[in-house]
Amino acid sequence: MKMNHIAKVAAAALLTFGVTSAMAVITGSKHDLSASGGGTIKANAGQNNDEICVYCHTPHASNTDFSGAPLWNKATPTGSFKMYGATAAGVAGQTIAGTTTEIQPSAPSLACLSCHDGVSAINSIVNAPGSGGYVAGGQNVAFGATAAGTAFTMPAGVTQIGDGSTQPNPDLTNDHPVSITYVEGAASLKPVTTAITGWSGATTIAGLLRNGKVECGSCHDPHLGESDTFLRRNKATVGENSNAGSRVCLTCHDK
Ligand code: HEC
Ligand code: HEC
Ligand code: HEC
Ligand code: HEC
């Protein structure tokens, strides 16, 4: 009887929390790369590989090249990227409005690309779980059928954002521009002070930007496993598809 009551209170609390909070649930998502993670790409069981955050963050000895991707636990990608609107790898790209991208992705996008570029090892981490285990340039831990010491890169397909056929220079020319300054009015962009609702982690467009620029993290929150394709849109407020009615796009572009 008493247990039943506690269970009911707990269930009610859970329900309330679930409805009122935009809490990110990375556990069990495709970004949970622990042995019990939600996708097919993940660590082997054992060897302390039951951690989740460690494939991206470490509490100590992080790679400080990634300002904007906090406590980053991966080595810096070495490839030269071909940016959106660029004529070659290693030069700035340009949009129709004439705004130029950075020559290389800035740190917040480079962090995503340190797994999604198709070149960098997904299973490479600087500070491995447990006592010791620090290797400055990163070390490859065992992932699925891939043995420790061997790189496991993003397989060909839609999640390989840097096109595999163009290696070693990942190609971003067929992706929405990133590492690009948000210029109000260009491409019908709304003022950065515009209030926005239903977004995780931001209440204005300015809150979506990183150093005034659009980066991967503007549209995505890598921890938001309950959202379709990790989009920052709160699924609960827009139905099954967090980009229903192209709300992600219409947030910035007045079209
Ligand atoms: C797949 C990679 C990845 C994993 C796994 C991951 N994170 Fe992150 N995390 C990021 C990135 C990228 C950012 C920067 C996001 C941005 O630009 O907004 C970040 C930012 C953060 C921040 C600061 C921004 C904020 O939310 O206020 C915290 C705190 C954080 N992560 C905690 C965690 C914890 C705790 C875990 C494990 C449960 C975890 N992360 C797992 C990629 C990851
Ligand atoms: C530690 C490696 C790692 C990092 C860092 C990382 N991802 Fe991923 N991501 C993955 C893996 C692995 C998958 C699953 C790919 C697959 O199954 O094809 C994935 C899948 C995704 C998906 C597809 C989800 C789906 O259900 O289709 C999106 C979107 C995504 N990542 C965005 C991001 C963004 C944005 C960042 C940076 C903020 C990021 N990722 C950083 C490893 C990573
Ligand atoms: C302007 C917004 C925006 C930016 C910036 C952005 N994305 Fe996305 N991304 C989306 C949307 C919207 C989807 C869902 C597309 C769909 O449903 O097919 C998506 C889907 C994805 C997917 C899953 C592919 C699929 O179609 O299943 C991956 C992986 C991904 N993004 C990674 C990234 C990475 C890495 C970056 C930075 C280099 C990035 N995104 C930047 C909006 C964005
Ligand atoms: C966080 C704000 C933001 C969001 C969300 C966003 N965009 Fe953009 N978009 C930009 C910026 C900044 C540019 C660069 C504009 C310029 O030329 O200065 C841009 C440029 C573009 C361009 C023009 C590229 C060119 O070559 O001129 C298109 C097309 C576009 N976005 C489509 C989309 C679509 C489709 C979505 C939804 C999936 C989307 N955008 C979501 C900010 C955003």
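Every number for a ligand or one of its atoms is a count from 1 in the order of the listing.
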Nearest non-hydrogen atom to atom 22 (C) of ligand 1 belongs to which of Gly217, Pro70, Ala69, Ser200? Pro70
Identify which of Gly225, Cys112, Ala156 has a heavy atom lying nearest to atom 34 (C) of ligand 2. Cys112
Using a 4.0 Å cutoff against the non-hydrogen atoms of [X], which atoms of ligand 2 qualify?
X      : value
Tyr55  : 1 (C)
Met154 : 10 (C), 11 (C), 15 (C)
His220 : 29 (C), 35 (C)
Ala111 : 5 (C)
Pro222 : 38 (C)

What part of Leu172, side chain from CB on, backbone N/CA/C/O, both or neither, has a heavy atom under 4.0 Å from ligand 3? neither
In a check of ring pair (Phe, Tyr, Trp, His ring centres under 6.0 Å) between Phe230 and each of His116, His31, His220, which one passes? His31
Once you measure the plane-to-plane angle for His57 and His223, does it fall in the parallel (<30°), tilted (30-60°) or perpendicular (>60°) bin? parallel
How are the rings of Phe143 and Phe152 set relative to one another: parallel (under 30°), tilted (30 to 60°) or perpendicular (over 60°)? tilted
For [X], take its heavy atoms, then give the atoms of ligand 3 lying under 4.0 Å from any of them.
X      : answer
Ile161 : 28 (C), 29 (C), 30 (C), 32 (C), 35 (C)
Asn243 : 12 (C)
His176 : 1 (C)
Glu215 : 5 (C)

Under a 4.5 Å side-chain heavy-atom rule over Ile, Leu, Val, Met, Phe, Trp and Tyr, are [X] and [Y] clustered together?
X      : Y      : result
Val192 : Leu208 : yes
Val248 : Ile205 : yes
Ile122 : Val54  : yes
Ile41  : Ile161 : no
Met154 : Val141 : yes

Strictly under 2.8 Å, is atom 8 (Fe) of ligand 2 approached by any N, O or S atom of His116? yes
Polar side-chain atom of [X] near backbone of [Y] as donor-acceptor pair, under 3.5 Å:
X      : Y      : value
Ser106 : Pro108 : no
Lys42  : Asp32  : no
Tyr182 : Pro191 : no

Counting only heavy atoms closer than 4.0 Å, does ligand 1 sit against the backbone of [X], its side chain, both, or neither?
X      : answer
Arg210 : side chain
Arg232 : side chain
Asp221 : neither

Using a cut-off of 6.0 Å, state whether more than 12 heavy atoms not belonging to Asn211 lie near its atom CG. no
Any non-hydrogen protein atom below 4.0 Å of [atom]?
atom                    : result
atom 24 (C) of ligand 1 : no
atom 15 (C) of ligand 3 : no
atom 29 (C) of ligand 3 : yes
atom 12 (C) of ligand 3 : yes
atom 9 (N) of ligand 1  : yes
atom 39 (C) of ligand 1 : yes
atom 18 (O) of ligand 3 : no

[atom] - nearest protein heavy atom and its distance:
atom                    : result
atom 2 (C) of ligand 3  : Cys219 SG, 1.9 Å
atom 36 (C) of ligand 1 : Cys53 SG, 2.8 Å
atom 26 (O) of ligand 3 : Val158 CG2, 3.6 Å

Any nitrogen or oxygen of Trp72, side chain or backbone, less than 3.5 Å from one on ligand 1? no
Can you find an N or O of His31 that's nearer than 3.5 Å to an N or O of ligand 1? no
Determine, using heavy atoms of Gln160 and all atoms of ligand 2, whether some pair is separated by less than 4.0 Å. no
Stepwise side chain to side chain donor-acceptor pair (under 3.5 Å) test for Ser124 and Gln139: CA-CA 5 Å; Ser124 165; Gln139 61 202 289; over 6 Å; no
Go through ligand 1 atom by atom and flag the ones less than 4.0 Å from a non-hydrogen atom of Gly68. 14 (C)
Close-contact set for ligand 1 against Ile26 heavy atoms, below 4.0 Å: 4 (C), 5 (C), 6 (C), 38 (C), 41 (C)
Evaluate the side chain to side chain donor-acceptor pair (under 3.5 Å) criterion for residues Ser188 and Lys255: first the C-alpha distance (whole Å), next the side-chain angles of each, then the deciding distance (0.1 Å), finally the verdict. CA-CA 7 Å; Ser188 8; Lys255 289 288 183 195; 2.8 Å; yes
Can you find an N or O of Thr159 that's nearer than 3.5 Å to an N or O of ligand 2? yes
Side chain, backbone, both or neither: which part of Leu33 comes within less than 4.0 Å of ligand 2 when only heavy atoms are counted? side chain
Does ligand 3 have an atom under 4.0 Å from some heavy atom of Asp175? no
So, His57 and atom 8 (Fe) of ligand 1: N/O/S under 2.8 Å, yes or no? yes
Examine Cys56 and say whether one of its N/O/S atoms is closer to atom 8 (Fe) of ligand 1 than 2.8 Å. no
The atom of His223 among N, O or S that is nearest atom 8 (Fe) of ligand 1 is NE2
Would Thr229 count as a polar contact of ligand 3, with the cut-off being nitrogen or oxygen pairs under 3.5 Å? no
If I take every N, O or S atom of Cys216, is at least one of them less than 2.8 Å from atom 8 (Fe) of ligand 3? no
